[in-house]
Amino acid sequence: MPYRIRRRPESSSAVRQQLTDEVSSLLARMAFHQAWLQIEATTVAGPYASLVATARAEAGAQMSLAWQQPPITSDSGMNLGIPYPRDRSNAARATCIKVMRRHL
């Protein structure tokens, strides 16, 4: 979502509403899967919860910074140049996948 926010076409209430709706939808899907894992695969639930918490912390800070940037108004501005770091999320995802593979 930080990329979507940073690359928003304009700073209007409609665009803000659309992007915040997307964030809410993502959070709801993660919560659904977290609850499902707690019911169906308790050994995976902890690593998944850790992944969700890590991703939310990482992306949350990045989204806050993205909202502070002005909308991009040119094609050349679409290339942000420097990727948002996802080291902690990537590590948490790798751990979660490892546990999921063992569980299968």
Side-chain angles (χ1 to χ4, degrees):
M1 284 307 299
Y3 290 102
R4 298 286 311 269
I5 293 167
R6 183 64 187 98
R7 290 182 170 126
R8 67 194 183 278
E10 61 183 355
S11 189
S12 67
S13 61
V15 169
R16 285 190 297 276
Q17 181 67 46
Q18 176 195 5
L19 290 169
T20 55
D21 285 349
E22 287 182 43
V23 170
S24 293
S25 177
L26 285 170
L27 293 173
R29 288 194 317 248
M30 288 188 292
F32 167 79
H33 289 289
Q34 191 167 353
W36 193 0
L37 286 170
Q38 287 172 335
I39 294 166
E40 294 287 335
T42 55
T43 58
V44 178
Y48 183 79
S50 178
L51 168 59
V52 168
T54 302
R56 286 186 68 174
E58 216 168 44
Q62 294 166 356
M63 287 188 292
S64 292
L65 291 173
W67 280 116
Q68 295 173 26
Q69 301 298 316
I72 294 172
T73 58
S74 68
D75 291 346
S76 62
M78 293 301 281
N79 184 355
L80 301 180
I82 299 170
Y84 288 107
R86 293 183 176 158
D87 299 335
R88 292 180 299 142
S89 294
N90 288 342
R93 181 174 44 247
T95 299
C96 186
I97 290 171
K98 186 173 157 182
V99 172
M100 287 176 168
R101 285 187 177 137
R102 278 197 311 246
H103 179 75
L104 292 175

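Quick caveat: nothing in here was measured; it's all calculated off a predicted structure.
- Expressed to the nearest 0.5 Å, how far OH of Y48 lies from CD1 of I97 amounts to 11.5 Å.
- Here the closest non-hydrogen pair linking Q62 and P85 is NE2-O, 2.7 Å.
- No more than 12 heavy atoms of other residues, nucleotides or ligands sit less than 6.0 Å from atom CD1 of I82.
- Q34 has its side chain out of reach of M30: every pair of non-hydrogen atoms, C-beta onward, lies at least 4.5 Å apart.
- Between H33 and W36, the ring planes are parallel. Angles under 30° get that label, and only those over 60° would be called perpendicular.
- In this structure, CG on L26 lies 11.0 Å from CG on D21, to the nearest 0.5 angstrom.
- When the side-chain hydrogen bond (donor to acceptor under 3.5 Å, both in side chains) test is applied to S12, the partners found at least two apart in sequence or on another chain are E10.
- The two atoms that bring P2 and A66 nearest to each other are O-CB, 3.6 Å, heavy atoms only.
- When atom types are taken as modelled, the side chain of R7 and the backbone of M78 share a donor-acceptor pair closer than 3.5 angstrom.
- The cluster map of Ile, Leu, Val, Met, Phe, Trp and Tyr, joined by side-chain heavy atoms under 4.5 Å apart, puts M1 and L65 in different clusters.
- We find the CZ-CG distance between R88 and L51 to be 12.0 Å, quoted to the nearest 0.5 Å.
- One distance of note links CZ of R29 with OG of S24; it measures 11.0 Å at 0.5 Å rounding.
- In terms of modelled atom types and a separation under 3.5 Å, the side chain of S50 and the main chain of G46 share no donor-acceptor contact.
- In this structure, V44 and M100 approach most closely via the heavy-atom pair CG1-CG, 3.4 Å.
- Side-chain contact check for H103 versus E40: every heavy-atom pair is 4.5 Å or farther apart.
- In this structure the side chain of R86 never reaches within 4.5 angstrom of the side chain of R93, judged on heavy atoms.
- For the side-chain contact (heavy atoms from CB on, under 4.5 Å) with I5, the lone residue among Q69, Q68, M63 that qualifies is M63.
- The environment of CZ in R16 is crowded: more than 12 heavy-atom neighbours from other residues, nucleotides or ligands sit within 6.0 Å.
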For this session: For the pair R8 and W67, evaluate side chain to side chain contact (heavy atoms under 4.5 Å, CB included) and give the outcome as yes or no after the intermediate values.
Result: CA-CA 9 Å; R8 67 194 183 278; W67 280 116; 3.9 Å; yes
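- Annotation: side-chain hydrogen bond (donor to acceptor under 3.5 Å, both in side chains) contacts involving residues 70-84, sequence neighbours excluded, comprise S74-S76.
- Remark: the backbone N or O of S89 is paired with a side-chain donor or acceptor of E58 at under 3.5 angstrom.
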